[in-house]
Amino acid sequence: MTDCPTPVVAVIVVAAGSGTRLGRSHPKAFVHLGGSTLLEHALRAVFALSEPVQVIVVAPEDRVSEARAIAADAAAASAALGHAAPAETVEVVAGGATRQESVRYGLAVLRDGVEIVLVHDAARALTPPALFERVVGAVRDTGVGVIPGLPVVDTIKRVDVSGGILGTVDRSELSAVQTPQGFPRNLLVAAHDSLADEATDDAALVAAAGHRVHVVTGDARAFKITTPHDLERAELVLGVRNPAPAVVLPRVGTGLDVHAFDDESELWLAGLFWPGERGLSGHSDGDVAVHAVCDALLGAAGLGDVGGVFGTSDSRFAGAHGDVFLEETLRLVTAAGFGVGNVSLQIIGNRPRFAPRRAEAEALLASILRAPVNIAATTTDALGFTGRGEGIAASATALLVPLVLAAPSLAEPPVLSLDV
Ligand code: CTP
Ligand code: MG
């Protein structure tokens, strides 16, 4: 870079941890949150700062080039938002076995001219730029180390190894600290150079080296993503959490069928054989009532219609009776995740007189579909093709119930066992 002013502030974003507690197959900073990695989220805030900063990303050794690409994406995203992202000032270095070691590798590439160093966890991916600005401003004002912290809201107990309470800690003295933690460069570098003992944050090292560190007000959005629950929280904060699964509603379908009388055929209607009655034409047995029911069931399940499912070219259904169609339809809707709630069927025609065998037909269809079936029959007052005795029509409505809703009534009652 040539025409950018030399940065006085550097931000080291440590992203070299493995994320054991998050339990993903890849390192935590490379886990996605709403379409971008945690590292990219963290870097976007850094690139949104009002002054040019040297950005140092500390990545796992085998992900240095990936981190470089992520940094470029974050810089581009910030530039698109109107921030003058100084992408040329990004360095990516390989991290170490501990966080402290990773910070040290980041410190090693600080540029000349940098006077204030912020160390930030990539895992605090939603930290707003304002918190960085607040820390930088406070380091400038005070000349000492500054870290963000929030009051502890829970009551804190000291406990022994068996869980016995030893006492209640005065929480007014406590602060839950976050990152970015900012320090005058020389203090931080010296603290890292002089102390070998591992510390979980940089403030502890600087304080152990005998320097005062101030806490400024932190930000709830700077929480550290450590566990799967934290990642869910981050998704909620960003508004990218998948909406709750849609309520599974019952489904309704309708079916209509018409067949002309055919004196050469026997009559099969609503699954029953009707001796002595005029038959109906059709590829199968011409049972309009059953075909209407099948259409209603298939339609409710979104599986098309009888013609599409039971093609006339399929020899299994040539001359087949209603039970074959209904059983196959039931198999299909069950496979699609539904049970039959109920079926309502209307038969329209002058003949046969349906009432005497209505209960028989209802019982047959209900036993096949394992659901209540009601059958009504009507004439059309001598109107239309049915009124003229040219054929029979049938119309059906079916209600399907998603099996997840139907399951409790199908399941055995739970068996309770008591340990005595
Ligand atoms: N970190 C690092 N190098 C390490 C260990 C941690 O750069 N050797 C970074 C992490 O990438 C993270 C920050 O330090 O951004 C805070 O650490 P933590 O939340 O503990 O992350 P991990 O160590 O990755 O997670 P875990 O402890 O669950 O394995
Ligand atoms: Mg860790």
Side-chain angles (χ1 to χ4, degrees), residues 10-33 36-47 54-71 74 90-110 117-129 131-132 135 147-150 176-183 188-189 191-192 195-206 218-235 237-238:
V11 181
I12 300 175
V13 178
V14 281
S18 55
T20 321
R21 287 167 288 176
L22 193 59
R24 295 296 182 92
S25 54
H26 41 296
K28 185 161 68 180
F30 299 83
V31 166
H32 278 82
L33 164 63
S36 304
T37 58
L38 296 190
L39 176 59
E40 183 170 344
H41 283 286
L43 286 174
R44 280 190 210 162
V46 177
F47 288 134
Q54 182 192 0
V55 181
I56 301 165
V57 176
V58 188
E61 207 174 354
D62 58 346
R63 294 208 180 230
V64 168
S65 53
E66 190 179 340
R68 210 165 268 137
I70 289 171
V90 179
E91 251 112 340
V92 182
V93 297
T98 64
R99 181 184 184 281
Q100 194 169 316
E101 204 182 335
S102 293
V103 175
R104 205 162 46 241
Y105 293 148
L107 291 172
V109 297
L110 284 176
V117 180
L118 268 57
V119 182
H120 183 53
D121 294 334
R124 297 181 189 274
L126 301 185
T127 306
L131 191 60
F132 289 81
V135 170
I147 64 174
L150 288 174
V177 304
Q178 307 174 321
T179 72
Q181 302 191 343
F183 307 89
L188 185 61
V189 171
H192 272 269
L195 290 159
D197 287 349
E198 183 64 21
T200 54
D201 74 350
D202 300 278
L205 285 178
V206 171
D219 193 299
R221 289 164 290 178
F223 67 96
K224 185 155 71 75
I225 297 169
T226 305
T227 62
H229 170 76
D230 297 325
L231 193 60
E232 279 176 26
R233 181 179 165 197
E235 287 170 342
V237 171
L238 271 190

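Numbers for residues simply follow the sequence, beginning at 1. When a ligand or atom number is given, it counts from 1 through the structure's own listing order.
- Interatomic distance, CZ of R44 versus CD of E40, reported as 4.5 Å (0.5 Å rounding).
- Annotation for P148 and G218: closest pair CB-CA, 3.6 Å, computed over non-hydrogen atoms.
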With side chain to side chain contact (heavy atoms under 4.5 Å, CB included) as the test, would you mind laying out the steps for R99 and V119 before giving the verdict? CA-CA 11 Å; R99 181 184 184 281; V119 182; 3.7 Å; yes

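- F183 pairs by the ring pair (Phe, Tyr, Trp, His ring centres under 6.0 Å) definition with nothing, not counting sequence neighbours.
- For ligand 1, the 4.0 Å heavy-atom shell contains residues V14, A15, A16, G17, S18, G19, T20, R21, K28, G96, A97, T98, R99, S102, D121, A122, A123, K224.
- Atom-to-atom distance recorded for L126:CG and L238:CG is 5.0 Å, nearest 0.5 angstrom.
- The side-chain contact (heavy atoms from CB on, under 4.5 Å) with V31 is formed by just one residue from the set L231, T37, L39; it is L231.
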